[in-house]
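Taking it in order: structure first as structure tokens, then the write-up.
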Amino acid sequence: MAGFLLKNADSILTMDDERSELSNADMRVRDGVIVEIGVDLKAQDEIEVHDARGCVVTPGLVNTHHHLFQSLTKAVPGGQDALLFGWLQTLYPIWARFGPEEIFNSTQIGLAELALSGCTLSSDHLYLYPNGARLDDSIAAAREIGLRFHPTRGAMSIGESDGGLPPDSLVEREAMILEDSIRVVDAFHDATEGAMIRVGLAPCSPFSVSRNLMRDSALLARDKGVMLHTHLAENDEDIAYSEANFGCRPGQYAEDLGWTGPDVWHAHCVKLNGQEIDLFARSRTGIAHCPCSNCRLGSGIAPVRQMRDAGVNVGLGVDGSASNDSGNLILEARQSMLLQRVVNGADAMSAREALEVATRGGADVLGRPDCGRLAVGKRADIAVWDVTGVESAGSWDPAALLLAGPTRVKHSFVEGRQVVRDGHITTIDLPKAIEQQNTLAHSLQA
């Protein structure tokens, strides 16, 4: 693969180990890897030279929790003003009508929306497989878009008839879940540095799967060398369910079943207490913080300041578009910063710290130290932000992106390949995909 030279960036926020910031700087990329960062670099054998004058350059943003299939069910009436459990009960019957086409198209649209907000690496939690849909459908969509992808083989096994939340039509037999988990890991997981696809295992939540499936998934994941993911301690209902059904808080439940460690990350964790935060810090268990979704569902404000101060790895997540209605990761970073200030004061989180959570933090949560920072030898996942527009006009510190914007990326590169050019997706016909998405949404509505 050839390379390129990024020239004349007003600022490069590296998020490297020293959190270096360079002014009027350049970056050389070759074969998907950053090979040089400095001032006044000369063109060599690069095919392209990209002028980044008037731009701030950051690592590509990392999304640690999403349900991409939900981009087909934004702003659904009946779910717009509901708490988590009621919201799920509204959406489950709609999702039960999905099939392979819906999964493929919604994944494309969701990833395109993320890419336009500067995201270069996204996880996905697909926990339902109606009408022949498979994880393969979302992986095929991600390969066309060109984002680095960490899909997880989610699952639900306890339906309404057994006291669970989802309808029986959306649950699977646990033996089949484990069998298909083995299949998708063997077929798609790439453990090498710079991998474009990695697969994790992700039973949906403590209220939709059994203890046995949680425990068996942990054993299988460690046998296969893949990561584990689930929802945990999302709201007060979640805590009450855990105490009533398991006799303990969610953190204890997770630890008892082998769901702590550097190969585990939990979504939300809005209601963690001090002991659970200490547990996750000691065990190096990661957290996907989803501020906009937590606000939309009235779940609360996660104790991110306390988590980071204790040493917990925290990344950002959009969560599903049915509980967020947007897939803009730079806005999630801003919301995270603002919410911590609401709770803890105006100095609780700086714009640069929130950007660190959105880049390096998320990469660390997903076990990707090769991503999320701009340094020699790291992957060329790069976001270029134009700060010459109206959003940044008058800003004394354009590098504080989360204070004045912009909120849409000018260029982005994944593994050195350009995915966004001048604010437009380069890899698929996005207007055609949007038309298809709206047709599918109208069909589901009818």
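If you read the sequence from its start, that first residue is 1, and numbering goes on from there. Bear in mind the structure is a predicted one, so any value in this text is a computation, not a measurement. Any value given below was found using the heavy atoms of this structure, including those in side chains, with hydrogens, waters and symmetry copies removed.
Here CD of Glu113 is found 7.5 Å from CG of Asn328. Values are rounded to the nearest 0.5 Å. Separating the CZ atom in Phe69 from the CH2 atom in Trp95 is a distance of 4.5 Å, to the nearest 0.5 Å. Atom CZ of Arg373 is separated from atom OG1 of Thr58 by 13.5 Å, given to the nearest 0.5 angstrom. Taken from CE in Met156 to CD1 in Ile177, the straight-line distance is 9.5 Å, to the nearest 0.5 Å. Interatomic distance, Glu356 CD to Asp364 CG, rounded to the nearest 0.5 Å: 8.5 Å. Atoms OG1 and CZ, on Thr120 and Phe149 in that order, are 13.5 Å from each other to the nearest 0.5 Å.
A pairwise comparison of heavy atoms in Tyr253 and Ser242 identifies CB-OG, 4.5 Å as the closest pair.
Taking the six-membered ring for Trp and the full ring otherwise, His289 and His65 have centroids separated by 6.0 Å or more. Between His150 and His229, the gap from one ring centroid to the other reaches at least 6.0 Å. Annotation: Phe207 is in aromatic contact with Phe85 [ring centroid separation under 6.0 Å].
Ion pairing between Asp381 and Arg148 holds under the 4.0 Å rule for side-chain N and carboxylate O. Salt-bridge formation is not detected for the pair Arg134/Asp137: no Lys NZ or Arg NE/NH1/NH2 atom is positioned less than 4.0 Å from an Asp or Glu carboxylate oxygen. A salt bridge is absent between Glu234 and Lys271: the closest approach of a Lys/Arg side-chain nitrogen to an acidic carboxylate oxygen does not fall below 4.0 angstrom. The existence of a salt bridge linking Glu353 and Arg308 is confirmed by a sub-4.0 Å separation between a basic side-chain nitrogen and an acidic carboxylate oxygen. Taking the charged nitrogens against the carboxylate oxygens, Arg282 and Asp278 have no contact shorter than 4.0 Å, which rules out a salt bridge.
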Checking side-chain contact (heavy atoms from CB on, under 4.5 Å) for the pair Cys55/Asp10: CA distance, chi angles, key distance, verdict? CA-CA 6 Å; Cys55 296; Asp10 285 11; over 6 Å; no
Starting from the C-alpha separation in whole Å, work towards a yes-or-no answer on side chain to side chain donor-acceptor pair (under 3.5 Å) for Ser71 and Gln437. CA-CA 9 Å; Ser71 68; Gln437 174 94 323; 3.1 Å; yes
side-chain contact (heavy atoms from CB on, under 4.5 Å), that's the test. Do Cys295 and Gln335 meet it? Break it down for me. CA-CA 10 Å; Cys295 288; Gln335 184 83 333; 3.6 Å; yes
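Annotation: cation-pi geometry satisfied between Arg153 and Tyr129 (NZ/CZ under 6.0 angstrom from ring centroid, within 45° of ring axis).
For CD of Gln275, the number of neighbouring non-hydrogen atoms (other residues, nucleotides, ligands) closer than 6.0 Å is 12 at most. More than 12 heavy-atom neighbours from other residues, nucleotides or ligands sit within 6.0 angstrom of CZ on Arg352.
In this structure, Arg296 contributes its side chain and Gln80 its backbone to a donor-acceptor pair below 3.5 Å.
Residues Leu91 and Val76 have side chains in contact (heavy-atom distance under 4.5 Å, counting atoms from C-beta outward). Taking the side chain as every heavy atom from C-beta outward, Leu444 and Phe98 approach each other to under 4.5 Å.
Ser157 and Glu174 are linked by a side-chain donor-acceptor pair at a separation below 3.5 angstrom, with hydrogens and angles left out of the test. Side chains of Gln252 and Asp256: a donor on one and an acceptor on the other come within 3.5 Å.
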